[in-house]
Amino acid sequence: MRIPMFLGRRATREAQRGMTLIEIMVVVLIMGLIGSAVAFAVNSALQHGKRGTTEIFVKRVQSAASLYYEQHNECPADVKTLRGEGIGGAGKDGWGNDVQITCSPSDRRVTVRSGGKDGQFGNDDDVVWAGEEE
């Protein structure tokens, strides 16, 4: 008995219908590259947002600390002092760190500094606000 030709071709086509391991690995690699690019973009946007939030927070604390300095004639020790007086400025910077408040008796200027992403004061990523420039 002879098998018709078209049955043999169908069997061959069905055997080739699946994907090879190489093809699957290429697809997974491409998906990984796309995923890492998206993760990089999201992380960059998140860090930018934290810096913007910190800039707003530092300005708010500086304003509250200046008011405290005028009322009490002394520099507030920290943000908790301001919160205790009900002046405002409660909280932490965008990275969850405390800010540093310093006062200059000579010109009665209050400066507020965030340590930035690394939380260390005195380097390039600090966020500093000393009030409106005249």
Side-chain angles (χ1 to χ4, degrees):
M1 175 157 68
R2 187 170 151 91
I3 299 176
M5 185 71 126
F6 67 90
L7 286 179
R9 287 186 192 151
R10 185 182 342 146
T12 304
R13 256 186 278 136
E14 286 178 7
Q16 293 177 350
R17 207 177 275 179
M19 295 179 67
T20 66
L21 181 60
I22 299 294
E23 291 170 330
I24 292 171
M25 289 173 57
V26 168
V27 169
V28 169
L29 177 69
I30 291 170
M31 289 173 60
L33 289 172
I34 292 170
S36 62
V38 168
F40 179 76
V42 167
N43 186 39
S44 177
L46 181 63
Q47 292 304 319
H48 185 70
K50 285 182 179 182
R51 183 161 184 89
T53 300
T54 299
E55 288 172 358
I56 293 168
F57 174 70
V58 164
K59 289 177 183 179
R60 220 177 84 224
V61 170
Q62 193 277 337
S63 176
S66 292
L67 181 62
Y68 181 91
Y69 193 35
E70 291 297 321
Q71 290 177 350
H72 295 87
N73 203 25
E74 67 179 17
C75 193
D78 54 16
V79 176
K80 292 177 185 175
T81 304
L82 299 174
R83 188 182 320 138
E85 290 292 317
I87 295 176
K92 296 185 180 281
D93 68 7
W95 295 278
N97 300 318
D98 291 322
V99 295
Q100 185 180 66
I101 302 170
T102 55
C103 301
S104 171
S106 61
D107 59 1
R108 299 194 58 80
R109 183 170 292 238
V110 177
T111 303
V112 179
R113 178 183 309 268
S114 163
K117 181 179 178 180
D118 64 0
Q120 302 294 317
F121 295 103
N123 53 23
D124 291 341
D125 71 342
D126 289 3
V127 178
V128 182
W129 186 250
E132 296 293 328
E133 298 296 324
E134 299 176 28

### Steps toward side chain to side chain contact (heavy atoms under 4.5 Å, CB included) verdict (Asp118, Asn123)
CA-CA 9 Å; Asp118 64 0; Asn123 53 23; 2.7 Å; yes

### Message
Please evaluate residues Val112 and Gln100 with respect to the criterion side chain to side chain contact (heavy atoms under 4.5 Å, CB included), reporting the C-alpha separation (whole Å), side-chain torsions for both, the decisive distance (0.1 Å), and the verdict.
### Response
CA-CA 6 Å; Val112 179; Gln100 185 180 66; over 6 Å; no

### Message
Please determine whether salt bridge (charged side-chain N to carboxylate O under 4.0 Å, His left out) holds for the pair Arg51 and Glu55, giving the CA-CA distance in whole Å, both sets of side-chain angles, and the decisive distance to 0.1 Å.
### Response
CA-CA 6 Å; Arg51 183 161 184 89; Glu55 288 172 358; 3.7 Å; yes

### Message
Using the rule given for side chain to side chain contact (heavy atoms under 4.5 Å, CB included), can you reason through Ile101 versus Thr81, listing the C-alpha separation, both sets of side-chain angles and the distance that settles it, and then say yes or no?
### Response
CA-CA 11 Å; Ile101 302 170; Thr81 304; over 6 Å; no

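One finds the CH2 atom of Trp129 at 12.0 Å from the CD1 atom of Ile56 (value rounded to the nearest 0.5 Å). Taking CD1 of Ile34 as the start and CG of Leu29 as the end, the distance is 10.0 Å to the nearest 0.5 Å. Atom NE2 in His48 sits 10.0 Å away from atom OG1 in Thr53 (nearest 0.5 Å).
Formation of a donor-acceptor pair under 3.5 Å by the Ser63 side chain with backbone atoms of Arg60 is not found in this model. Side-chain N or O atoms of Thr54 include one that pairs as donor or acceptor with a backbone N or O of Lys50 at under 3.5 Å. A donor-acceptor distance shorter than 3.5 angstrom exists from the side chain of Gln62 to the backbone of Val110, with no hydrogens or angles considered. For Asn43 (side chain) and Ala39 (main-chain N/O), no donor-acceptor pair under 3.5 Å exists by modelled atom type.
Using modelled atom types, one finds no donor on one side chain facing an acceptor on the other under 3.5 Å when comparing Ser66 with Glu70.
The shortest non-hydrogen separation linking Thr111 to Ala130 is OG1-CB, 3.6 Å. Between Val58 and Ser114, the shortest heavy-atom distance links the atoms CG2-CB, 4.0 Å. In terms of heavy atoms, Tyr68 sits closest to Leu82 at CB-CD2, 3.6 Å.
Side-chain atoms of Arg113 and Val61, non-hydrogen and from C-beta on, never get closer than 4.5 Å to each other. When side chains are defined from C-beta on, Asp78 does not count as touching Asp98, because their heavy atoms never get closer than 4.5 Å. Inter-residue side-chain proximity for Pro105 and Tyr69 is flagged as met; some heavy-atom pair is nearer than 4.5 Å. Put simply, the side chain of Pro76 reaches to within 4.5 Å of the side chain of Cys103, judged on heavy atoms.
Environment of NZ in Lys117: sparse, with no more than 12 heavy atoms of neighbouring residues, nucleotides or ligands closer than 6.0 Å.
Taken together through direct or relayed side-chain contacts under 4.5 Å among Ile, Leu, Val, Met, Phe, Trp and Tyr, Phe40 and Leu33 form parts of separate hydrophobic clusters.
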